[in-house]
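Remember, predicted model here, so these are calculated numbers, not experimental data. Here is how names work: the chains are called A, B, and so on, in the same order as the sequence lines, proteins then strands, and each is numbered from 1.
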Number of protein chains: 2
Amino acid sequence: MNEIADKIALNYCSLNKLTISNWETKSKIIEYKKGEQLAKEGQRRHKLFFLIKGSVKAYYINNDKKIIDYFAFENDFITSSSSYLTNEPSLHFIQTMEDCLILETEKNTVELLCEKHHDFEHLLRVFLSKVIIQYRHRVVSHQFKTVKQRYESLVKQYPKIELTAPLGDIASFLGIAQETLSRIRASNK
Amino acid sequence: MNEIADKIALNYCSLNKLTISNWETKSKIIEYKKGEQLAKEGQRRHKLFFLIKGSVKAYYINNDKKIIDYFAFENDFITSSSSYLTNEPSLHFIQTMEDCLILETEKNTVELLCEKHHDFEHLLRVFLSKVIIQYRHRVVSHQFKTVKQRYESLVKQYPKIELTAPLGDIASFLGIAQETLSRIRASNK
DNA sequence: GATAAATTTTGATCTATATCAAATTATTTA
DNA sequence: TAAATAATTTGATATAGATCAAAATTTATC
């Protein structure tokens with residue numbers, strides 16, 4: 001799969017041929033239909049997913065309410081987030097929003113690959129750096145931006161989101177009531 | 001020097017002797033007095049700091065207002081955050097809150113060490129993982145916790161903070177008005 | 001130790017967004 | 001295509017926390 005190597009090189013950093021082939025041998029490439037679940041709350045076996053194609057959402061349940069934690073699109077890595085790092089049972093459900101093609105690697109395989117291949121460890125570091133930048137952006141915009149600005153910046157970043165995710169999910173991701181988002185949309189016409 | 005190796009091993013992961021000695025040769029250990037600045041807005045030469053002793057705050061200016069972005073204590077790494085990763089000029093001032101002993105490494109040295117020593121790259125990955133967990137916690141508590149709960153959880157995590165940081169700084173870090181924090185304290189008596 | 005400066009507290013008012021409830025509109029299903 | 005279900009919009013009301021202003025307290029300076 002030269003395709004994956006290229007995507008990784010373009011969006012993260014380049015890997016040695018050996019690393020790539022080793023990674024792929026120890027992973028699975030799976031096709032999912034829209035609406036299928038990649039991961040469920042409570043799972044102890046964490047995976048690292050690489051989205052070759054399609055888009056997904058990750059959510060958890062808080063007080064019986066579904067809370068969208070993040071969206072991910074083509075060329076993004078995704079995991080069960082926090083719990084992947086802390087090794088606790090996953091809090092998240094991860095569900096496709098479209099038909100997807102996904103490369104899946106078990107967490108312990110990831111760790112082995114990191115130990116064995118310095119460049120793979122580097123890839124992970126680059127990936128984590130990107131996650132931090134995103135989180136930071138979220139913290140800052142929560143603090144200084146109005147709900148409307150945050151919505152607009154989300155749509156600007158992921159124009160596709162309005163087509164793939166229902167209004168309630170977008171509101172939940174932004175941490176606002178869906179009625180509020182609906183009013184924002186109305187005011188934008 | 002062995003002291004640092006131990007602190008790193010205890011809080012992050014253990015490093016080879018060679019890596020440690022290489023790291024230290026290429027870094028500086030500096031004593032700062034309370035109130036001194038480690039880094040200034042606009043700097044293009046980023047550094048990675050390791051807090052051997054003491055505590056610091058990082059802030060930036062937004063609309064003429066000082067916004068505390070994070071606090072760091074003994075055994076924490078700190079950088080000019082976002083801009084360290086994106087390579088943009090720093091947005092932050094980093095200032096000591098007490099007398100400090102700090103290990104400073106230039107960013108390009110860090111990158112060289114990462115290339116040369118696989119275990120150093122691993123250390124950085126572990127550090128970044130911790131940053132992500134913290135950011136995530138901030139995003140989630142912003143979404144679901146009252147201001148009072150967030151304040152209490154901060155104090156619980158860093159009991160020292162009430163002694164080292166003024167009320168206005170703590171409020172700013174929590175993203176609330178200082179009057180609000182003052183009222184919370186009053187209600188807690 | 002008196003004066004000035006900085007920090008914290010208290011009070012009054014305002015506002016963005018939440019919440020609750022109901023009405024529309026869009027999407028599935030049979 | 002009608003009926004059922006789900007998603008979105010609209011309206012009315014409530015509230016946490018912001019903002020503005022001033023008083024009180026603490027800390028620094030001469």
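- Taking the six-membered ring for Trp, A/Phe73 and A/Tyr158 have ring centres closer than 6.0 Å.
- No contact: B/Leu181 has no heavy atom under 4.0 Å from any strand.
- When the P atom of C/dT17 is taken as reference, atom CG of A/Leu174 falls 11 Å away, rounded to whole Å.
- Here C/dA26 presents its C1' atom at 16 Å from CG of A/Leu163, a figure rounded to the nearest Å.
- When rounded to the nearest whole Å, the span between CD1 of A/Ile184 and P of D/dT10 equals 13 Å.
- One interatomic measurement links the two molecules: OH of A/Tyr151 to P of C/dT17, which rounds to 15 Å at whole-angstrom precision.
- We find that CD of A/Gln178 is positioned 7 Å from C1' of D/dT8, with the value rounded to whole Å.
- Which of D/dA18, D/dT19, D/dT8 sits closest to the side chain of B/Glu179 comes down to D/dT19.
- Rounded to an integer number of Å, the gap from B/Gln143 CD to D/dG17 C1' is 17 Å.
- In the set C/dT9, C/dT7, C/dT19, C/dT19 carries the atom at the smallest distance from any side-chain atom of A/Ala177.
- Between the base of D/dT10 and the side chain of A/Arg185 there is no donor-acceptor pair shorter than 3.5 Å.
- If you look at A/Phe49 and A/Phe77, their ring centroids are not closer than 6.0 Å.
- A salt bridge links A/Glu98 with A/Lys160: the closest approach of a Lys/Arg side-chain nitrogen to an acidic carboxylate oxygen falls below 4.0 angstrom.
- Going from atom CG of A/Leu167 over to atom C1' of D/dT10 covers 13 Å, rounded to whole Å.
- Nearest-nucleotide mapping onto DNA chain C: of B/Arg183 and A/Val147, the residue sitting toward the 5' end is B/Arg183.
- Rounded to a whole Å, the CD atom of B/Glu162 is 16 Å from the C1' atom of D/dT26.
- Ring geometry for A/Phe93 versus A/Tyr59: interplanar angle under 30°, hence parallel rather than tilted (30 to 60°).
- For the pair B/Arg185 and B/Glu162, the salt-bridge criterion is met [side-chain N within less than 4.0 Å of a carboxylate O].
- OP1 or OP2 of C/dA18 has at least one side-chain nitrogen or oxygen of A/Thr180 nearer than 4.0 Å.
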